[in-house]
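This report concerns only the one structure given below.
Just so it is clear, the model here is predicted, and its values are computed rather than measured. Below, chains carry the letters A, B, ... as their sequence lines are ordered, and counting in each starts from 1.
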Number of protein chains: 2
Amino acid sequence: MEAALRLFARHGFAAVSMRQIAAEVGVQAGALYNYIPDKQSLLFDLMRGHMEALLAARAERPKGGSALARLEDFTRFHIRYHLARPDAVFVSYMELRSLSPENFAVVEGLRRQYEDELESILRAGEAEGSLSAADPRIAAMAVIAMLTGVTTWYRAAGRLTVDQVEGIYWDMVRKSVSV
Amino acid sequence: MEAALRLFARHGFAAVSMRQIAAEVGVQAGALYNYIPDKQSLLFDLMRGHMEALLAARAERPKGGSALARLEDFTRFHIRYHLARPDAVFVSYMELRSLSPENFAVVEGLRRQYEDELESILRAGEAEGSLSAADPRIAAMAVIAMLTGVTTWYRAAGRLTVDQVEGIYWDMVRKSVSV
DNA sequence: TCTATATCTAAACGGTTGTTCAGATCAAAG
DNA sequence: CTTTGATCTGAACAACCGTTTAGATATAGA
């Protein structure tokens, strides 16, 4: 699974052969079929696993507090979690179209759950009067796109630590939905 | 080229065969080679063409004015331009890894030019005192990620017009880098 | 040590891949 | 009407695809 994830992230699902994955772990291609029914299931398991782990990790965060506090926690959590597993993020955002329709629907549903939490935080902030988003659904999509984009340029060896990145993005997110 | 762009956007570069592209335009696969040297060049021409057209269209916009005015123009331009050609945008952002190293470097350079303009607008705003971005480079990447993300959910048949989307995003962008 | 089970290899399956090429077909120019 | 050059077909090429399978090999329990 790790080898497949790495190769899918690097070259794309369609461009990676079962023989390449097998070679990466030192077996013949046929041996992989003792563990997975087919290539599509391999991709689906990786993506569903990533989304479920994301939701599970998110569920462990505190749920109470002000909308502003929850928004900050969401922002920092998202950046930290995504920067820690760039391959899984990359594959999960890029290979949606490689999923069969049924598998796509499942992953899409999980993603939707995640987006919905942010949307409800923004709605709560609106109700509180502490946040302002003209369209909470679109604001949620915009914030997530902004935050996830960090994985395209962040390099652990670069000039910024994860903490610093968190701070910069939180500053922007906070202001973007401020009253 | 149009057929290839459409298919690449839908299924991905690696997943589309020359025979599929040929069938889309009603010829045999071999006939395509009267116009392109190989499949890689086809992708490269599409991506380079998109980036060059983007830069050319951007270059026609007014360059003067306050940093705030230029930021608004950049924001609205980006959304309008990208929503008008979703396939080209999708392919150009998704298939970077399908490019040969030399071709990747070219496309990456063009993209960098585009990002640099936004970064310089933010720096000018900082100098003017009208904008505030803790790290202009990262703020530029964040804003572009947010704006480009619109192509993932926007549907022409949806509840919002392009003008409305522009307005919502400009509001968020403006606030995110406000003093 | 024998047996049962898990795991692997090596080969094969039918099908598809990007690309080439000889020859057919077409349109326009002389 | 003939010629030229562009364009296309249809077949072929070697290589690779995902997947299956028979049989070899390893592992662990009785």
Side-chain angles (χ1 to χ4, degrees), chain A residues 1-50 87-88 90-107, chain B residues 1-50 87-88 90-107:
Chain A
M1 301 295 282
E2 289 169 14
L5 183 65
R6 193 166 46 242
L7 288 171
F8 290 165
R10 196 110 54 213
H11 309 291
F13 174 72
V16 172
S17 70
M18 296 300 287
R19 286 171 179 83
Q20 284 176 57
I21 299 170
E24 192 83 358
V25 288
V27 297
Q28 295 294 320
L32 300 178
Y33 288 85
N34 287 317
Y35 306 94
I36 55 161
D38 50 36
K39 196 187 178 192
Q40 168 72 207
S41 301
L42 176 52
L43 176 64
F44 178 54
D45 287 352
L46 285 172
M47 292 179 69
R48 194 193 45 192
H50 169 68
D87 284 350
F90 202 68
V91 169
S92 292
Y93 279 73
M94 296 284 251
E95 302 295 350
L96 286 168
R97 65 185 169 190
S98 301
L99 290 172
S100 70
E102 310 82 42
N103 291 344
F104 174 80
V106 173
V107 174
Chain B
M1 300 294 284
E2 289 169 16
L5 183 64
R6 192 167 46 242
L7 288 171
F8 289 166
R10 196 111 55 214
H11 309 292
F13 174 73
V16 173
S17 70
M18 296 300 286
R19 284 171 181 82
Q20 284 176 59
I21 300 170
E24 192 82 358
V25 289
V27 296
Q28 294 294 320
L32 300 179
Y33 289 85
N34 287 317
Y35 306 94
I36 55 162
D38 51 37
K39 195 186 177 191
Q40 168 72 207
S41 301
L42 175 52
L43 176 64
F44 178 55
D45 287 352
L46 286 172
M47 293 179 69
R48 194 194 43 191
H50 170 69
D87 284 350
F90 202 68
V91 169
S92 292
Y93 278 74
M94 295 284 251
E95 300 296 350
L96 286 168
R97 64 186 170 190
S98 300
L99 290 172
S100 70
E102 311 82 42
N103 291 345
F104 174 80
V106 173
V107 174

Which whole-number value in Å describes the distance from A:Asp38 CG to D:dC17 P?
-> 17 Å
B:Tyr33 OH to D:dT7 C1', in whole Å, measures 16 Å
Enumerate all atom pairs, one protein N or O and one N or O from nucleotides 8-15 of chain D, separated by less than 3.5 Å.
unit_1: D:dC8; atom_1: OP2; unit_2: B:Tyr35; atom_2: OH; d: 2.8
unit_1: D:dT9; atom_1: OP2; unit_2: B:Gln28; atom_2: N; d: 2.5
unit_1: D:dA12; atom_1: N6; unit_2: B:Arg19; atom_2: NH2; d: 3.3

From A:Met94 CE over to B:Glu95 CD, what is the distance, rounded to the nearest 0.5 angstrom?
->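 Nearest 0.5 Å value for the CE-CD distance: 7.5 Å.
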Rounded to the nearest 0.5 Å, how far apart are CG of A:Asn103 and CG of A:Leu43?
->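 Here the interatomic distance stands at 8.0 Å.
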Distance-minimising heavy-atom pair for [X] and [Y]:
X       : Y       : answer
A:Val91 : A:Met47 : O-CE, 4.0 Å
A:Gln40 : A:Leu99 : OE1-CA, 3.4 Å
A:Lys39 : A:Met18 : CG-SD, 3.5 Å
B:Val25 : B:Ala3  : CG1-CB, 3.8 Å

Would you mind reporting whether A:Leu42 and A:Leu32 have side-chain heavy atoms less than 4.5 Å apart?
->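 No, side chains not in contact.
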Any chance you could lay out the side chain to side chain contact (heavy atoms under 4.5 Å, CB included) test for B:Tyr35 and B:Met1, step after step, and finish with the verdict?
-> CA-CA 10 Å; B:Tyr35 306 94; B:Met1 300 294 284; over 6 Å; no
Within the side chain of A:Gln20, is there an N or O that forms a donor-acceptor pair under 3.5 Å with the backbone of A:Leu7?
-> no
Nt span of DNA chain C in reach of chain B heavy atoms at under 4.0 Å, 5' end first, is C:dT17 to C:dT20
Does D:dC16 have OP1 or OP2 sitting under 4.0 Å from an N or O in the side chain of A:Ser17?
->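 Checking A:Ser17 against D:dC16: no side-chain N or O falls below 4.0 Å of OP1 or OP2.
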Select base, sugar-phosphate, or nothing to describe what B:Val16 touches, counting heavy atoms under 4.0 Å on all strands.
->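 Sugar-phosphate, backbone atoms only, no base.
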Among B:Phe8, B:Phe44, B:Phe90, find the residue that satisfies the ring-ring contact (aromatic ring centres under 6.0 Å, His included) test when tested with B:Phe13.
->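 In the set B:Phe8, B:Phe44, B:Phe90, the residue that makes a ring-ring contact (aromatic ring centres under 6.0 Å, His included) with B:Phe13 is B:Phe8.
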Terminal axes of the helix from C:dT1-D:dA30 to C:dG30-D:dC1 (five pairs each): angle between them, nearest 10 degrees =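 Nearest ten degrees gives 0° for this helix.
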